[in-house]
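See structure below.
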Amino acid sequence: MGYSDQRFDVNLSILFTELPLLERPAAAAAAGFTAVELWWPWTGTPTPAQAELDALKKALDDAGTQLVGLNFYAGELPGPDRGALSLPGDESDRFRANIDVVADFAASVGCKALNALYGNRVGGVDPAVQDELALENLVLAARAAHRIGATLLIETLNSVESPLYPLVSAPAGIEVVDRVNEATGLGNATFLLDLYHLSMNGEDLSQVIKAYAAKTGHVQIADNPGRGAPGTGSLPLERLIDELTEAGYDGWVGLEYKPGDRPSAEAFGWLPPRDP
């Protein structure tokens, strides 16, 4: 096995960000990738003009890149926010307005994995109230994903970089996955297993893989420390990805790492040579 046997996609919201959004798919293709993923690109609005959506679709199509993962509206990300769906008031309303926009765009480009970041805890608001609102919104998102034949992803982050985010362990993420599936009966809510975030939380990554690979809908990687490319830190990422394969995971592995002080196109030297 090893890296040469994996399906890697590039996260265009953390790599190639030195380029305008519409130029990033072609840059990823020039670097040898056929698949990409994105955080919600329009941080200021959950409902961009159709012309903007059409332009992104054209950029993906022209580059020959498949969008394999897309986030729902998550507030200011990158920035202080970590999602909108559990935030009472305007942000929850924005998330709901975004649900069908994301689903319809994903359907138009054949994207089958939609990520819903939970959102930070809000001072003065009962966590139980936020959790109830989160479940309501995740049920809506799961139904929209089901409508287009997609899975809903639930992601855990790490408590060091996201101290107000409540899902900072694999069991916490899985609990939400199970709660959504129980509420909808659809079974399309899955775990986004991010090896970087889980390692930052000090979790036993091999044990997490064994326990939750069957409920995993997408995987993301970066090395630790530093959130850089594989080989810049100390995580045994090649072995861990092999463990995922052995546990039955056969989906995409998203490259969600920082390129460092170099152009993104030069941040893939760790990959084995690919056939021309």
Side-chain angles (χ1 to χ4, degrees), residues 9-11 13-15 17 37-40 43 69 71-87 113-123 127 130-131 134 138 152-180 189-213 215-241 243-244 249 252-260 267:
D9 73 87
V10 179
N11 188 305
S13 297
I14 194 168
L15 286 156
T17 57
E37 60 184 63
L38 278 166
W39 303 340
W40 181 244
T43 56
N71 283 20
F72 288 97
Y73 171 80
E76 192 178 337
L77 182 74
D81 298 330
R82 296 292 186 272
L85 62 90
S86 68
L87 278 60
L114 306 178
N115 185 28
L117 284 169
Y118 200 83
N120 289 329
R121 290 303 192 202
V122 178
Q130 284 197 256
D131 291 339
L138 286 168
L152 175 70
L153 302 175
I154 307 297
E155 182 174 10
T156 57
L157 302 179
N158 72 77
S159 58
V160 177
E161 296 169 325
S162 303
L164 299 178
Y165 192 81
L167 308 184
V168 289
S169 72
I174 292 294
E175 181 181 352
V176 174
V177 167
D178 291 343
R179 195 180 303 141
V180 174
T190 60
F191 183 47
L192 197 167
L193 194 157
D194 186 309
L195 290 170
Y196 168 74
H197 287 306
L198 296 174
S199 70
M200 285 284 287
N201 288 325
E203 297 188 64
D204 183 329
L205 300 181
S206 293
Q207 185 57 43
V208 168
I209 289 167
K210 288 178 184 177
Y212 303 127
K215 294 184 177 183
T216 295
H218 189 59
V219 170
Q220 291 174 333
I221 65 169
D223 215 332
N224 186 27
R227 200 172 184 175
T232 60
S234 58
L235 289 183
L237 288 169
E238 189 164 18
R239 175 176 64 78
L240 291 167
I241 294 172
E243 290 177 10
L244 276 159
Y249 179 76
W252 291 95
V253 176
L255 306 181
E256 197 186 44
Y257 60 77
K258 299 175 182 177

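Everything quoted here is computed from the prediction, not taken from an experiment.
Within the 4.5 Å cutoff, the side chain of Y249 has heavy atoms near those of the H218 side chain. By the 4.5 Å heavy-atom criterion applied to side chains, Y165 and L117 are counted as neighbours. Looking only at side-chain heavy atoms (C-beta outward), T43 and D81 stay at 4.5 Å or farther from each other. Contact check for L240 versus S206: side-chain heavy atoms found under the 4.5 Å cut-off. Residues R82 and L164 have side chains not in contact (no heavy-atom distance under 4.5 Å, counting atoms from C-beta outward). Taking the side chain as every heavy atom from C-beta outward, P171 and E203 approach each other to under 4.5 Å. The closest side-chain heavy-atom distance from Y196 to Q220 is not below 4.5 Å. Looking at heavy atoms from C-beta onward, W40 lies out of side-chain contact with S13 at the 4.5 angstrom threshold.
Between the side chains of N201 and N158, no donor N or O sits under 3.5 Å from an acceptor N or O.
Using a cutoff of 4.0 Å between basic side-chain nitrogens and carboxylate oxygens, R227 and E256 are scored as salt-bridged. Salt bridge annotation for D223-K258: absent, with no cationic side-chain nitrogen under 4.0 angstrom from a carboxylate oxygen.
Annotation for F191 and G173: closest pair CE1-CA, 4.4 Å, computed over non-hydrogen atoms. Listed here is the closest heavy atom pair of V177 and A189: CG1-O, 3.2 Å. In terms of heavy atoms, A222 sits closest to L235 at O-CD1, 3.6 Å. The shortest heavy-atom contact between L198 and S169 is CD2-C, 4.5 Å. Here the shortest heavy-atom pairing between D9 and G254 reads OD2-CA, 3.2 Å. What you find for S162 and L157 is that their closest heavy atoms are OG-CD1, 3.7 Å.
Here the CG-CG distance, from L255 to N11, works out to 8.5 Å after rounding to the nearest 0.5 Å. Taken to the nearest 0.5 Å, the CG atom of L193 stands 13.5 Å off from the CD1 atom of I154. If you take OG on S86 and CG on N120, they are separated by 7.5 Å, rounding to the nearest 0.5 Å. Between the CG atom in N115 and the CG atom in N71 there is a gap of 4.0 Å [rounded to 0.5 Å]. A distance of 8.0 Å separates CZ in R239 from CD1 in I209, rounded to the nearest 0.5 Å. Considering CG of N224 and OG1 of T232, their distance stands at 9.0 Å, rounded to 0.5 Å.
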(request) Kindly determine whether S199 and L205 satisfy side-chain contact (heavy atoms from CB on, under 4.5 Å), including the steps that lead there. (result) CA-CA 7 Å; S199 70; L205 300 181; 4.0 Å; yes
(request) Would you please test E161 and H197 for side-chain contact (heavy atoms from CB on, under 4.5 Å) and show each step? (result) CA-CA 9 Å; E161 296 169 325; H197 287 306; 4.1 Å; yes
(request) Report the C-alpha distance between D178 and K215 in whole Å, list the side-chain angles of each, state the deciding distance to 0.1 Å, and finish with yes or no for side-chain contact (heavy atoms from CB on, under 4.5 Å). (result) CA-CA 9 Å; D178 291 343; K215 294 184 177 183; 2.9 Å; yes
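Pairs of residues two or more places apart, or lying in two chains, that qualify as salt bridge (Lys or Arg N to Asp or Glu O under 4.0 Å) and include a residue from residues 165-176 are E175-R179. Within the structure, no pair that satisfies the salt bridge (Lys or Arg N to Asp or Glu O under 4.0 Å) test touches residues 190-201, not counting sequence neighbours.
Not counting sequence neighbours, the partners of P230 by the side-chain contact (heavy atoms from CB on, under 4.5 Å) test are Y3, I221, L237, Y257, W270. Checked against salt bridge (Lys or Arg N to Asp or Glu O under 4.0 Å), E76 has no partners two or more places apart in sequence or in another chain. Shown here are the side chain to side chain donor-acceptor pair (under 3.5 Å) partners of T190, two or more places apart in sequence or in another chain: there are none. The salt bridge (Lys or Arg N to Asp or Glu O under 4.0 Å) test applied to D204 returns no partner, not counting sequence neighbours.
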